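Order of the sequence lines sets the chain letters (A, B, ...), proteins ahead of strands, with each chain counted from 1. What you see is a predicted model, and the numbers here were worked out from it, not measured in a lab.
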Number of protein chains: 2
Amino acid sequence: MTGVQTESLEVFRTVARYGSITSAARALGYTQSAVSRQVAVLEAQAGARLFDRLPRGVVLTSEGACLLPHAEAVVDRLAAARAELAALRGLSGGQVRVSAFTTATAALVPRALASFRQAHPGVGVTLANGLTPALLDGLAAGDADLAVVSAPAAAGVHPIDPARFTVHHLLDEHLLIAVPGQHRLAGRATARLAEFAEDAFIVGSATAEDTLLRVSLPPGFRPRTDIVAPDWTAKLGLVAAGLGVALIPALAIRSAPADLALLRLDAEDAPVRQVLAATAAGRTVPAAATALITHLRHAAAGLELA
Amino acid sequence: MTGVQTESLEVFRTVARYGSITSAARALGYTQSAVSRQVAVLEAQAGARLFDRLPRGVVLTSEGACLLPHAEAVVDRLAAARAELAALRGLSGGQVRVSAFTTATAALVPRALASFRQAHPGVGVTLANGLTPALLDGLAAGDADLAVVSAPAAAGVHPIDPARFTVHHLLDEHLLIAVPGQHRLAGRATARLAEFAEDAFIVGSATAEDTLLRVSLPPGFRPRTDIVAPDWTAKLGLVAAGLGVALIPALAIRSAPADLALLRLDAEDAPVRQVLAATAAGRTVPAAATALITHLRHAAAGLELA
DNA sequence: GCGTGCCATGCGAGCCTCGCATGCCATCGA
DNA sequence: TCGATGGCATGCGAGGCTCGCATGGCACGC
């Protein structure tokens with residue numbers, strides 16, 4: 001019973017069904033001798049006669065009848081495995097695990113997932129949140145198939161080791177500055193950071209170092225960070241109420257709010273951030289993940305135009 | 001995915017568990033190259049990479065993770081098949097289908113089944129009833145594994161074709177004649193049929209030909225068959241009430257009734273009937289059936305003594 | 001009594017799988 | 001920086017396995 005060939009089980013099943021080695025052989029496209037021998041081998045492995053040889057064919061013995069449901073279960077299970085692999089390959093099944101940094105889950109990832117699920121309804125998707133370093137660690141650990149991460153566009157030190165990860169560029173994200181509707185610069189399309197020296201900045205944490213401001217503070221520029229707000233929604237609410245201005249990554253804006261103005265910050269002040277889709281290098285990328293990258297690209301293109 | 005070797009699935013499972021081809025090979029007693037090649041073959045059959053080769057071992061791809069539960073199910077199912085076959089062989093499982101003629105189910109078969117079930121509690125037993133010809137047909141058709149049948153002891157024409165059935169002699173059944181307790185012959189141990197010329201016979205059907213009397217009527221002997229009763233219990237009740245006498249096969253007597261006498265009929269009048277256990281010739285006899293025959297023999301020996 | 005249907009088996013060719021040995025690659029430590 | 005180590009892949013040859021072909025034995029039916 002060790003080293004069973006699954007074909008032998010299929011042969012066994014067919015012989016049991018036909019009640020004849022010869023006709024089973026015909027049905028399977030084998031020679032009668034081949035089937036006879038395969039049955040004999042299976043019987044030796046089982047340690048018991050599986051068929052009684054009658055003058056007009058064969059019938060299962062009690063041992064054969066005992067084995068038959070198991071053999072059919074095995075054959076069926078293998079067929080199920082084949083089918084599931086085919087589904088995986090054909091993007092009509094399986095699972096893809098995506099992780100993304102929080103801002104990306106505002107608009108970019110949801111839009112990509114929406115079109116992806118429409119295109120491949122059979123593929124399950126799980127979404128995880130986190131900060132870029134944790135996402136990359138999880139990616140390397142195999143916790144996710146695909147990570148949407150951010151990286152500074154600066155050509156210098158790249159936080160993403162190209163030897164460990166394969167990255168797919170999605171978009172270059174610019175930084176916006178949100179000002180109240182009646183702010184003196186509300187009508188402008190772009191602005192420099194230095195123009196907001198007198199404004200109160202609503203930041204995400206108490207220390208300027210932990211906020212977006214840290215990326216490139218002009219020398220001598222020390223913004224007032226009076227108000228701390230935990231998330232983008234709260235920040236926008238505070239800005240709309242006239243309590244100050246706030247730096248907002250463009251991706252965090254789901255749609256243009258009516259009661260405040262968004263100015264694009266000059267690239268000199270805040271270098272654009274890259275948004276990337278990363279996969280683990282050296283690991284086979286699931287077909288679903290590859291497809292999802294395409295949808296992420298399309299979603300990114302749609303967002304950049306807006 | 002056709003022609004999968006079940007050993008390859010076991011290998012696949014082990015490699016996935018160890019995360020390393022080399023250590024899996026050690027655990028399986030194979031060479032690293034053999035395991036490497038088996039994995040490669042399985043991957044070719046699956047049409048996809050199942051493992052990503054990392055510098056320090058291997059990890060499942062999404063396809064591999066998809067296949068793994070199926071592989072484990074197959075391996076487990078084969079192990080279950082092995083276990084069930086072993087149980088069948090070891091008489092700790094399985095099923096045996098017995099059929100018997102009605103009289104044998106009064107005492108002989110129940111006693112044999114009782115001791116058999118005590119010896120092999122794991123073996124299921126199904127019991128069917130019928131007349132000997134039908135039992136033999138069912139046996140030949142594979143509806144039963146074992147049939148308890150009766151046959152005349154006459155050495156002449158044997159109703160059981162030895163080419164179609166293997167018979168195991170259980171006992172020679174003698175015929176009893178039941179008489180009321182106050183019958184004039186009640187004190188005798190044996191009797192001749194002719195001594196009952198004046199007695200009313202309680203028979204199983206209206207025509208003498210269909211009763212036990214038919215087996216060998218002395219010339220000129222024409223018993224009175226006034227009363228017809230459907231079964232042995234009713235017959236015995238009628239006899240006990242003094243309404244006549246009745247021929248009873250010894251096997252139909254579960255225990256000696258108190259209110260009537262049982263005389264053994266002379267063998268010249270009613271040749272003893274053989275009770276046999278039959279199996280289909282040319283068919284493998286299940287181990288449980290063979291064991292049950294032994295228990296039938298013991299039960300028969302116990303009944304003959306009584 | 002012979003033809004037919006069915007299964008088992010000896011024989012030889014081809015293929016497959018194994019172990020051995022080697023090569024390649026990445027990592028780790030001196 | 002370079003060798004040691006650990007891990008996987010692969011060329012090679014031996015042995016085993018499975019196949020098809022052909023034959024033989026057996027039981028049944030005309």
Side-chain angles (χ1 to χ4, degrees), chain A residues 1-12 14-45 49-61 64 140 161-166 280-284, chain B residues 1-12 14-45 49-61 64 140 161-166 280-284:
Chain A
M1 206 62 188
T2 314
V4 182
Q5 196 103 12
T6 58
E7 281 174 344
S8 297
L9 295 179
E10 176 72 36
V11 166
F12 169 63
T14 309
V15 171
R17 186 162 299 174
Y18 280 81
S20 152
I21 290 184
T22 303
S23 46
R26 258 198 302 272
L28 292 166
Y30 282 127
T31 306
Q32 172 266 328
S33 71
V35 174
S36 172
R37 249 186 274 261
Q38 286 207 26
V39 171
V41 168
L42 200 60
E43 286 177 327
Q45 288 168 335
R49 281 238 136 171
L50 299 176
F51 293 102
D52 279 320
R53 274 69 169 178
L54 303 184
R56 281 287 184 261
V58 298
V59 294
L60 287 170
T61 63
D161 183 359
R164 294 178 60 209
F165 302 103
T166 307
R283 291 254 255 289
T284 305
Chain B
M1 206 59 188
T2 314
V4 181
Q5 197 104 11
T6 58
E7 280 173 344
S8 297
L9 296 178
E10 175 72 37
V11 165
F12 169 63
T14 308
V15 170
R17 186 162 301 175
Y18 280 82
S20 153
I21 290 183
T22 302
S23 46
R26 259 199 301 273
L28 292 166
Y30 280 128
T31 308
Q32 173 265 328
S33 72
V35 174
S36 171
R37 249 186 273 259
Q38 287 208 24
V39 170
V41 167
L42 199 60
E43 285 177 328
Q45 288 169 334
R49 280 239 137 173
L50 299 176
F51 293 102
D52 279 320
R53 275 67 169 179
L54 304 184
R56 282 286 185 259
V58 298
V59 295
L60 287 170
T61 63
D161 182 0
R164 295 177 60 210
F165 302 102
T166 307
R283 290 256 254 288
T284 305

> Under 4.5 Å between any side-chain heavy atoms of B:Phe51 and B:Leu60, yes or no?
Replying inline: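 They are in contact (side-chain heavy atoms under 4.5 Å apart), so the answer is yes.
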>> For a 4.5 angstrom cut-off between non-hydrogen side-chain atoms, does B:Val11 reach B:Leu42?
In response: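 A side-chain contact is absent here, since even the closest heavy-atom pair is not under 4.5 Å.
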[atom1] of [X] versus [atom2] of [N]: gap in Å, rounded?
X        : N      : atom1 : atom2 : value
B:Leu28  : C:dT17 : CG    : C1'   : 15 Å
A:Asp52  : D:dC26 : CG    : C1'   : 16 Å
A:Gln5   : C:dC15 : CD    : C1'   : 12 Å
A:Phe51  : C:dC6  : CZ    : P     : 15 Å
A:Tyr30  : C:dC7  : OH    : P     : 17 Å
B:Arg283 : C:dC7  : CZ    : C1'   : 17 Å
A:Gln45  : D:dT18 : CD    : P     : 8 Å

To the closest 0.5 Å, what do you measure between [atom1] ([X]) and [atom2] ([Y])?
X        : Y       : atom1 : atom2 : result
A:Arg37  : A:Thr31 : CZ    : OG1   : 10.0 Å
B:Arg283 : A:Arg49 : CZ    : CZ    : 13.5 Å
B:Thr14  : B:Leu9  : OG1   : CG    : 10.5 Å
B:Leu54  : B:Ser20 : CG    : OG    : 11.0 Å
B:Glu10  : B:Gln5  : CD    : CD    : 12.5 Å

> Could you run down nucleotides 24-30 of chain C 5' to 3' and tag each one B, S or - for protein heavy-atom contact under 4.0 Å?
Replying inline: --SS---
> Between C:dC18 and B:Gln38, is there an OP1 or OP2 to side-chain N/O distance shorter than 4.0 Å?
Replying inline: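 Yes, such a contact exists.
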> Would you say a side-chain N or O of A:Thr22 is under 4.0 Å from OP1 or OP2 of C:dC7?
Replying inline: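 A:Thr22 to C:dC7 OP1/OP2: side-chain N or O found under 4.0 Å.
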>> As a quick check of understanding, evaluate side chain to side chain donor-acceptor pair (under 3.5 Å) for A:Asp52 and B:Thr284, giving each step before the final call.
In response: CA-CA 6 Å; A:Asp52 279 320; B:Thr284 305; 2.5 Å; yes
>> Could you go through A:Gln32 and A:Thr22, starting from their C-alpha distance and side-chain angles, then the distance that decides it, and tell me whether this counts as side chain to side chain donor-acceptor pair (under 3.5 Å)?
In response: CA-CA 5 Å; A:Gln32 172 266 328; A:Thr22 303; 5.2 Å; no
Between the protein and nucleotides 8-11 of chain C, list the N/O to N/O atom pairs that are separated by less than 3.5 angstrom.
unit_1	atom_1	unit_2	atom_2	d
C:dA8	OP1	A:Arg53	NE	2.3
C:dA8	OP1	A:Arg53	NH2	2.9
C:dA8	OP2	A:Ser36	OG	2.6
C:dA8	N7	A:Gln32	NE2	3.1
C:dA8	N6	A:Gln32	OE1	3.2
C:dG10	O6	A:Arg37	NH2	2.7

